[in-house]
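These notes concern the structure reproduced below.
In what follows, chains are A, B, ... by sequence order, proteins preceding strands, each numbered from 1. All of these numbers come straight from a predicted model, not from anything done at the bench.
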Amino acid sequence: MAKTDGKNGSRDNGEETGRDWRETLFLPKTDFPMRAGLPNKEPGHIERWAEMNLYQQLREHGKGREKFVLHDGPPYANGNIHIGHALNKILKDIIIRSKQMSGYDANYVPGWDCHGLPIEWKVEEKYRKKKLDKDEVPVNEFRQECRDFAKGWIDVQKQQFQRLGIEGDWDNPYLTMNFEAERIIADELMKFAMNGSLYQGSKPVMWSVVERTALAEAEVEYQVKASPTIWVKFPIQTGRIKNLTHEINTAGQDLDNMMYSDASVVIWTTTPWTIPANRAIAFSKRINYGLYEVASVEEEGFAKVGEKLVLADALAESVQKAAKIEELKRLGDVDPSDIETCSHPFVGQGYDFPVRLYEANYVTDDAGTGFVHIAPGHGADDYIVYMANQRQFAADGITEVPLTVGADGYYMPDVPLFGGDDPKLVINQKGKFDNANPVLIEAMIEAGALLAQGKLKHDYPHSWRSKAPVIFRNTPQWFVAVDKTIEVGNTKGTLRDIAMNELKEVQFIPETGRNRITAMVEGRPDWVLSRQRAWGVPLTLFVKKGTTKYIPSANFANSDKLMNNINQAFAKDGADAWFEDDIKERVLAGLVDNLDDWEKVTDILDVWFDSGCTHSFVVEQRESLKREAGKRTANLYLEGSDQHRGWFQSSLLESCGTRGRAPYDAVLTHGFTLDKNGRKMSKSLNNVVDPLKIIKQSGADILRLWVGSVDYQDDQKFGQEAIRTASDAYRKIRNTIRFMLGNLAHYDEARRVGNVADMPELERYMLHRLHNLDKSIREDYAAYDFKKVFATLLNFCTTDLSAFYFDIRKDTLYCEAEDNADRLAALTVMDEIFNCITAWLSPILAFSMEEVWLSRYDEAANPKSVHLRQFPDVPDTWHDIEIAKKWRRIRKVRRVVTGALEVERREKRIGSSLESAPVVYFENVNVQELFEAFEGQEAADIFITSQASLKMEKAPGGVFRLDDVADIAVLPDMAQGKKCARSWKVLPDVGSDADYPDLSIRDAAAARAYDQKHS
RNA sequence: GCAGAUGUAGCUCAGUUGGCAGAGCAUUCGGCUGAUAACCGGAAGGCCGCAGGUUCAACCCCUGCCAUCUGCACCA
């Protein structure tokens, strides 16, 4: 009893003999540091993986397995990587690694998008600094500079991606600017030429008259500008009033047949110069319109008393004001769909086509008249209206988008009134609006078409470079028709239909992506492929002068030869070949009667076509990525959700148009990374988090763990706190594994407990847990639910291992004799836990699990890298539902005991739980099962007390209970006996062995065994 | 403006067919000192975005609103 008087009883370890028993214990022994020092260590792993050629070894290991093809969407090669890249690549890497470890051959071939405008800009910028004119440099010299620029950033990004721990074919990535890629891209384009869906049409683009070039949205900036505004009358030609008010009704008119003969539809515009291009008027069904009569006017103006106008009701007042109308009488409701056609203001002067009314959902009644004038050649919306009603336009004799303004800003010669020999000018070379607007307004006044005019200050697009205003102008472009029936292999239908059908087959993760892309494909216009630029893959076509006939095409007999020639030229020189002067001679000579009849197309392809082709020049071309015949090209495409409009769609259309099916089985999207407050990261907000900085400060594995822990399908917040959370989780996992490494230092393969049945139940319970985990981890990886993998494993580490199993087994592991069966079983199980956890975590913690693996095995590691492993096969013999049930009961009781001990601690009666010997009362048959669960178990071990007793009887008063565990009570008695100097347990048998007077019998025996071995 | 998504503890996330709001981490208090810049335990912490509705009962179902994000349209 002597040494059990509360806290001080534990202060004399080793005193009686003076011996330090530590050497006789099997304490954890490891060099594996608690602090990771990831930023310093990770580059070493990267080097080692390169030296051992891990990538090649992974391929060897994967040979013969079913392939899992995650096809990389190419980032654009023009800057350092940002957090979005990091998220994207890490997700891909986790998938690739987990698939490889799940028994697939999962190769990752990273790629880059290299062509396109942004790179061209940068190079042009350089030129400008050097006062060079791009147009004076030979095209291929310019292209070479673009190529060099892209190459520079590819090298930078490659390093950065590798630093993130992304495993893949970095020595042989795909680049859209590789000659072979350029060759195949051109070849793919020619497939569209051959199936007839490629055509030359025209489309309004932003055009800078000063620079004589089309501009992309990104090359345009908006500046405030004053524009003239005009209200123009379009007299109604045909149409019917159906819904007049009583007032008119009583005037005795023939309602059913009353024509709008004396009424006009009024439009409003800020661009008078587009009136010659007008071909229609748009209205909205959501707007209420009325027929109005000018009853009286304020002063002599454009409005005439008695004339009738159709206007949106909400805007009638503003029109009244603008036109200086004193009284405007509403005569009745108008449904614009009852109005069939109007005549153009310049009818009879060369503008004799009908101006039809069309419904367009974008029309609003917050400005103007509720009617929008449609000039298909001078506005994006206008063009859409045109495209949507192409058939009707054609029936009216409007067979193509009217081209009224030339590249120089002058009206075209064939434009009545304003073209001809003395064409009017819209915008002059100084970037100012010229005489077109005033002349137009004057002509409208003369025609009696003007109702009112004014001025408006508004945002107007200007060229980024010249600061001159731009105009919308239709220019010839190359399109892929989405609604023309084509034949692709066995599939016949329109490109849109084929794509829509395929979308039904594709798996979307999350499912909402399906609606998103389906809606887009359903409503999209024809695909504009051409760009009037230099850095890209050209449209490898020749057009017969003066016609729209192009080759190669299905009805040109020598198409195959031509395509073959082009392919050969590209294989040798890349797309640069096209820009050489002799290319026509080189590929077309002998195939046509007269070379001079044919003109080379100089446009380049939209870069989205490039990337839309990656499946063809990457996945289909590499043996390591080829799936079995009959399967879609790739299993999975994974990008940010913005790619529904981008890569997912361009790839879908390209593949459906050439192969008749989607290039992917599944599409997985992730959200965007926002700052810690959920705001978009932007330079102006100064809230951009640089992944490279995080790597430098905390390590790539912290970033990887963060990626593995968040709901990436939604947008994610990211900031210091997120890093700290990830670091905390990392530390917990690291230390749990470190504890295993320390104990496994004593593990001996030869002394494994081979048979599960020979193990203590606690060990079998842990094996059962592993069996369960194996199932859920595999499922979660397969479902790409990494945060669940993370949560499951972190929870396992804290709740099952650290706080339960390891805590309980410390005594067994440290104190039992070397050959003690329980100890060997515990080590065996720990080895299994180690095997599982390191494998399960290595897709996410790619660096740290390698560090752990090498820390344990070093040179003897087999395999040489944790990443060459498979997820361990977990034998079904581990599954034991009965033991699981039983131990859930035991843990329930344990909670009550722990609670009781806590009270003792708070009251300062005990410090360590080993000073206690609790008595657990099972008071009722309700808890009989709980009581019986302890049969054959060392309850004291489980409670981590020195002694314990269980009683199936009513507890005395005043004992401890937990609210949610009925009929269990715990009396936290003090342990009887002396404290064993070796195990620190308080036991009555301490001192029974004369050779070891300060030890318990168990410890004396273990110490003796140790001493004999070491004497 | 239109469409979609999201909103649960300080953070990251669970929440089954409606049935007493959960976990890990962080915080705080305590214990241990043989996992030690570690480990164990206790506690505190929530108008489940807001407001209605359905229901005996709503985080969950319905309606509206708010906030954030994404995409589209940014206009005549």
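For rG71(B), the paired nucleotide is rC2(B), the pair qualifying as Watson-Crick or G-U wobble because both relevant distances are below 3.5 Å. Remark: rU33(B) base-pairs with no nucleotide in the shown strands. Criterion, Watson-Crick or G-U wobble with two distances under 3.5 Å. Checking rG7(B) for Watson-Crick or G-U wobble geometry (two distances, each under 3.5 Å) identifies rC66(B) as its partner. In this entry rC60(B) has no Watson-Crick or G-U wobble partner, no candidate having both defining distances under 3.5 Å. The partner of rA43(B) is rU27(B), by the rule that a Watson-Crick or G-U pair needs both atom distances under 3.5 Å. The nucleotide rU17(B) finds no pairing partner, because no Watson-Crick or G-U wobble arrangement with both distances shorter than 3.5 Å includes it.
If you take CZ of Arg22(A) and P of rA35(B), they are 10 Å apart, rounded to a whole angstrom. For Lys810(A) and rC32(B), the NZ to P distance is 14 Å, given to the nearest whole Å. For the pair Lys788(A) NZ and rU12(B) P, the computed distance is 20 Å after rounding to whole Å. Here the P atom of nucleotide rU33(B) and the CE atom of Met34(A) are 17 Å apart, to the nearest Å.
The listed nucleotides are rG42(B), rA76(B), rA35(B); the one nearest the side chain of Glu902(A) is rG42(B). If you check rU6(B), rC32(B), rA76(B) against the side chain of Thr270(A), the one that comes closest is rA76(B). Of the candidate nucleotides rA35(B), rC40(B), rC72(B), rC72(B) has the atom lying nearest to any side-chain atom of Arg645(A). Residue Ser709(A) places its side chain closer to rU12(B) than to any other of rG41(B), rA5(B), rU12(B). Closest to the Arg906(A) side chain, of the nucleotides rC40(B), rA26(B), rG42(B), is rG42(B). Nearest to the side chain of Asn735(A), among rU12(B), rA35(B), rG71(B), sits rA35(B). Among rU12(B), rG30(B), rG71(B), the nucleotide with an atom closest to any side-chain atom of Lys908(A) is rG30(B). Distances were taken from every side-chain heavy atom of Met520(A) (C-beta onward) to each of rG71(B), rA5(B), rU70(B); the shortest belongs to rG71(B).
Note: Trp231(A) and Trp268(A) have tilted aromatic rings, judged against thresholds of 30 and 60 degrees for the angle between ring planes.
No contact: Met740(A) has no heavy atom under 4.0 Å from any strand. Across all strands, Leu25(A) comes closer than 4.0 Å to base atoms (heavy-atom distances). In this structure, Ala791(A) reaches neither bases nor backbone, as no heavy-atom distance under 4.0 Å exists between it and the strands shown. Residue Arg895(A) is classed as having no contact, given no heavy-atom separation below 4.0 Å to the nucleic acid. Among the protein residues, Arg35(A) comes within range of the nucleic acid bases, having at least one heavy atom under 4.0 Å from a base atom.
For Tyr814(A), a side-chain nitrogen or oxygen approaches OP1 or OP2 of rA35(B) to under 4.0 Å. Under 4.0 angstrom from either OP1 or OP2 of rC40(B) there lies at least one side-chain N or O belonging to Lys732(A). Side-chain nitrogen and oxygen atoms of Arg738(A) include at least one within less than 4.0 Å of the OP1 or OP2 phosphate oxygen of rU36(B). For Lys29(A), no side-chain nitrogen or oxygen approaches OP1 or OP2 of rA35(B) to under 4.0 Å. Considering only side-chain N and O atoms, Ser802(A) lies under 4.0 angstrom from the phosphate OP1 or OP2 of rC40(B).
Annotation: cation-pi geometry satisfied between Arg856(A) and Tyr747(A) (NZ/CZ under 6.0 angstrom from ring centroid, within 45° of ring axis).
The aromatic ring centroids of Phe371(A) and Tyr289(A) lie less than 6.0 Å from each other.
Between rU6(B) and rC13(B), the two C1' atoms lie 14 Å apart (nearest whole Å). rG49(B) and rC66(B) have their C1' atoms separated by 7 Å, with the value rounded to a whole Å. Comparing the same atom, C1', in rU8(B) and in rC48(B) gives a spacing of 4 Å after rounding to whole Å.
Looking at Thr274(A), its side chain never comes within 3.5 Å of a backbone N or O of Ala277(A) through a donor-acceptor pair. Although no hydrogens or angles enter the test, the distance criterion places a donor-acceptor pair under 3.5 Å between the side chain of Asp701(A) and the main chain of Ser848(A).
Other residues, nucleotides and ligands contribute only 12 or fewer heavy atoms inside 6.0 Å of the CG atom of Asp31(A).
Counting heavy atoms from C-beta on, the side chains of Leu841(A) and Val852(A) never come closer than 4.5 Å.
You can call Trp984(A) stacked on the base of rG34(B); the centres are under 5.5 Å apart and the planes sit within 30°.
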